[in-house]
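Residues take their numbers from the sequence shown, with the count starting at 1. Computed from a prediction, not measured in an experiment: that's the story for all the values here.
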Amino acid sequence: MFENLTPDGKIKTIRYLKATHDDFAKLVKEGKKMIQDVDDMEKKTGISPTDAERLVEENPNKEIEIDGEKKTVLWLYTYYVNRKSILEGYNRAYKFLMEEGVDELLFTIGVGSDSYDYNFYKFCLDAFDE
């Protein structure tokens, strides 16, 4: 039944890429940094990512002040989109490194990966404080 387990109980995988706990911790740490960057910018400007999107549609060259500098709402919107993209990249890396291994383990016990809808990376970002 557990033909893809090594004698010491580790999962054999067809992938050759291995990740350590430190790799996962770094992805979570960097993800939390991106979330904090967005939160900090929202506090500085009083403009949420959703508000920035709306404002850029109305007038992308409207100027706002951030830390004593004049910036456009287009700059702010781009800042938010950039942080969201980086966070999504971390999410995908985490999924590739961790969740596919989980999918392989579940397959050994007859559970298909499409039978659950869970994002372990989001769980780590939300659940663990440093």
Side-chain angles (χ1 to χ4, degrees):
M1 177 178 179
F2 294 103
E3 294 172 7
N4 70 336
L5 296 180
T6 64
D8 59 353
K10 295 180 181 172
I11 303 170
K12 292 181 197 174
T13 97
I14 58 173
R15 293 179 292 126
Y16 293 101
L17 183 62
K18 303 278 186 213
T20 66
H21 291 288
D22 288 340
D23 296 328
F24 293 125
K26 184 174 182 179
L27 283 170
V28 171
K29 180 181 177 183
E30 292 299 314
K32 286 181 176 278
K33 183 180 180 302
M34 290 299 107
I35 292 169
Q36 189 61 54
D37 286 353
V38 169
D39 289 347
D40 290 348
M41 185 59 72
E42 191 171 348
K43 287 175 188 165
K44 285 180 189 181
T45 63
I47 301 171
S48 72
T50 304
D51 292 339
E53 182 177 9
R54 181 183 47 78
L55 289 170
V56 85
E57 289 173 0
E58 293 171 4
N59 181 2
N61 295 318
K62 177 182 176 184
E63 289 189 341
I64 55 175
E65 191 171 309
I66 303 170
D67 294 332
E69 290 184 47
K70 297 256 185 215
K71 303 279 187 180
T72 65
V73 291
L74 178 59
W75 181 92
L76 180 60
Y77 176 70
T78 303
Y79 178 90
Y80 285 142
V81 168
N82 177 270
R83 295 306 184 274
K84 183 178 178 185
S85 296
I86 292 169
L87 186 59
E88 181 57 28
Y90 294 151
N91 185 30
R92 288 177 186 211
Y94 194 92
K95 180 169 179 51
F96 177 77
L97 294 171
M98 193 273 234
E99 291 184 21
E100 287 187 8
V102 170
D103 291 348
E104 290 174 12
L105 176 62
L106 291 174
F107 181 75
T108 66
I109 59 173
V111 176
S113 61
D114 57 348
S115 67
Y116 70 97
D117 182 26
Y118 199 77
N119 184 323
F120 289 97
Y121 186 65
K122 183 170 178 353
F123 171 76
C124 289
L125 290 175
D126 293 343
F128 300 107
D129 293 325
E130 293 185 40

Verdict with supporting geometry, L87 and V38, side chain to side chain contact (heavy atoms under 4.5 Å, CB included):
CA-CA 11 Å; L87 186 59; V38 169; over 6 Å; no
Apply side chain to side chain contact (heavy atoms under 4.5 Å, CB included) to residues K122 and N91 and explain how you reach the verdict.
CA-CA 8 Å; K122 183 170 178 353; N91 185 30; 5.9 Å; no
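Salt bridge K43/D39: absent, no basic N to carboxylate O contact under 4.0 Å.
Partners of Y79 under the ring pair (Phe, Tyr, Trp, His ring centres under 6.0 Å) rule, at least two apart in sequence or in another chain, are W75. Annotation: side chain to side chain contact (heavy atoms under 4.5 Å, CB included) contacts of K26 (sequence neighbours excluded): E30.
If you take CG on D40 and CD on E42, they are separated by 10.5 Å, rounding to the nearest 0.5 Å.
When all heavy atoms of D37 and R83 are compared, the pair lying nearest together is OD2-NE, 3.3 Å. In this structure, T72 and P60 approach most closely via the heavy-atom pair CB-O, 3.4 Å.
Residues M34 and Y80 do not share a hydrophobic cluster, defined by chaining ILVMFWY side chains whose heavy atoms lie under 4.5 Å apart. Residues L76 and I35 do not share a hydrophobic cluster, clusters being chains of Ile/Leu/Val/Met/Phe/Trp/Tyr side chains in contact below 4.5 Å.
Counting only distance, with no hydrogens or angles, the side chain of K70 and the backbone of I64 share no donor-acceptor pair below 3.5 Å.
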Without placing hydrogens or testing angles, list every side-chain donor-acceptor pair under 3.5 Å for residues 44-57, not counting sequence neighbours.
{"from": "K44", "atom 1": "NZ", "to": "D67", "atom 2": "OD2", "distance (Å)": "2.8"}
{"from": "T45", "atom 1": "OG1", "to": "M41", "atom 2": "O", "distance (Å)": "2.9"}
{"from": "T45", "atom 1": "OG1", "to": "I47", "atom 2": "N", "distance (Å)": "3.0"}
{"from": "T45", "atom 1": "OG1", "to": "I47", "atom 2": "O", "distance (Å)": "3.4"}
{"from": "S48", "atom 1": "OG", "to": "T50", "atom 2": "N", "distance (Å)": "3.4"}
{"from": "S48", "atom 1": "OG", "to": "D51", "atom 2": "N", "distance (Å)": "3.0"}
{"from": "S48", "atom 1": "OG", "to": "D51", "atom 2": "OD2", "distance (Å)": "3.2"}
{"from": "R54", "atom 1": "NH1", "to": "E58", "atom 2": "OE2", "distance (Å)": "3.2"}

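Considering only heavy atoms from C-beta on, V28 comes within 4.5 Å of Y94 through its side chain.
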